[in-house]
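These numbers come from a predicted model, not from an experiment.
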Amino acid sequence: MPQLDDKRPRELEIDTARGRRWRGLAGYVLGIIAVIAVFSLLFARLTGSLRVAVAVIAFMLLYMLFMAKITGKHLRDEDRFNPRR
């Protein structure tokens, strides 16, 4: 047990357990599904067709995922070849 007059900084442990990562991923996926459901219902009411609404939402989601992948790859490459580091 550390003493009150101990001046050493406390060490923090980062939990990298697999279960925690899987729960985070599952939460993220469920959140995305919830947003897709809300937008699909909203667009279905606006367009009058659930099929069109789902197609528009699917296109938007795939486009955003594709752009995120391209941007993430570009940023990783830029960090690797950054001469100022």
Flag yes if Val52 and Leu42 sit in one hydrophobic cluster, no otherwise; membership is Ile, Leu, Val, Met, Phe, Trp, Tyr, and two members link when side-chain heavy atoms are under 4.5 Å apart. yes
Smallest heavy-atom separation, Ala53 atom then Ser40 atom, equals CB-O, 3.5 Å
Here the gap from Leu46 atom CG to Phe39 atom CZ, rounded to the nearest 0.5 Å, amounts to 11.0 Å
Angle between ring planes, Phe59 versus Tyr63, binned at 30° and 60°: parallel, tilted or perpendicular? parallel
Only residue of Val35, Ile36, Val29 satisfying side chain to side chain contact (heavy atoms under 4.5 Å, CB included) with Ile32 is Ile36
How about Met60 and Phe43: do any of their side-chain heavy atoms sit closer than 4.5 Å? yes
One should read off an interatomic distance between Ile57 CD1 and Leu62 CG, to the nearest 0.5 angstrom, of 11.5 Å
